[in-house]
Amino acid sequence: MQMRVMGIAGSIRRGSFNRALLDAAVELMPEGMEVAPWDRLREVPFYDAALDTDELRPEPVADLKRAIAEADGLLIVTPEYNYSIPGVLKNAIDWASRPGYKSVFVGKPVAIMGASGSMMGTARAQIHLREIMYATLARVMPHPGVLVNQAPQKFEDGRLVDEPTRTVVASFLRDFQTYVRQMQGG
Ligand code: FNR
């Protein structure tokens, strides 16, 4: 059966390297896996607990939660902002994480990648994101990960062109496919 992975890039910037890295994942996914980007991050309002009810919840948030619930796994591609993840991404995770410990994240296999211009290639943001996802009871894949450093040298016209990085992404996705199967008990 086809494995459905929801992909979310934590940047709303036109020309985002992280969104382009997610596109590379769509291109490089192994047979039997489908990566569907969720591109409505810009529409998600600031978290407001007073609006977090079945009657009042904003539609993009409801759609985000539906997409996570329906996916077999989640691929988060995060930029690094001041050694952490961008607020837009944290905000969306906060919405989707409620009700606490009973949300759509519980038990959900999650893989993390990221691209940045620095030598560290989002290492610090990825560590923060792992911590955040642990709070949601998602199952973050233990993995050396995909850290795309010096991003401007690795993308051309919105496409990941660096061959060694493409090989790493393809292998990472195969590992995630195996991990999701393991988490599903088969
Ligand atoms: C950055 N950037 C950055 N890069 C990094 O490696 N470590 C960091 O701590 C930061 N901090 C940071 C803060 C803020 C507010 C901005 C706007 C940028 C650079 C960042 O990685 C770069 O702009 C990426 O290109 C952002 O990702 P997208 O939008 O290309 O996906």
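Read the numbers this way: they start at 1 and go in the same order the structure lists the ligands and their atoms. What you see is a predicted model, and the numbers here were worked out from it, not measured in a lab.
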To the nearest 0.1 Å, how far is [atom] from its closest protein heavy atom, and which atom is that?
atom	result
atom 25 (O) of ligand 1	Phe17 CD1, 3.4 Å
atom 30 (O) of ligand 1	Arg13 NH2, 2.8 Å
atom 29 (O) of ligand 1	Ser11 OG, 2.7 Å
atom 11 (N) of ligand 1	Asn82 N, 2.8 Å
atom 22 (C) of ligand 1	Gly117 N, 4.8 Å

Atom [atom1] in [X], atom [atom2] in [Y]: separation rounded to 0.5 Å?
X	Y	atom1	atom2	result
Phe176	Met33	CZ	CE	6.0 Å
Ile93	Ile68	CD1	CD1	8.5 Å
Asp23	Ser16	CG	OG	9.5 Å

Taking only non-hydrogen atoms of Ser116 and a 4.0 Å limit, the atoms of ligand 1 in range are 5 (C), 6 (O), 21 (O)
Note: ligand 1 atoms sitting under 4.0 Å from heavy atoms of Asn18 are 27 (O), 28 (P), 31 (O)
Select the closest option to atom 8 (C) of ligand 1 among Glu80, Met120, Gln150, judged by heavy-atom distance. Glu80
The option among Pro79, Ala151, Pro152 carrying the non-hydrogen atom nearest to atom 26 (C) of ligand 1 is Pro79
Would you check if the side chain of Arg124 reaches a backbone N or O of Glu80 as a donor-acceptor pair within less than 3.5 Å? no
Under a 3.5 Å distance rule, please check whether Gln177 uses its side chain to pair with a backbone N or O of Glu31 as donor and acceptor. yes
Looking at the rings of Tyr83 and His128, which for Trp means the six-membered one, are their centres under 6.0 Å apart? no
N/O to N/O below 3.5 Å, does that happen between Tyr83 and ligand 1? yes
Might you check, step by step, whether the distance between atom 1 (C) of ligand 1 and some protein heavy atom is under 4.0 Å? yes
Looking only at side chains, do Gln184 and Asp72 share a donor and an acceptor under 3.5 Å apart? yes
Identified side chain to side chain contact (heavy atoms under 4.5 Å, CB included) partner of Leu21 from the options Thr78, Leu75, Val77: Val77
Tell me which part of Ser16 gets within contact of ligand 1: side chain, backbone, both or neither, using heavy atoms under 4.0 Å. both
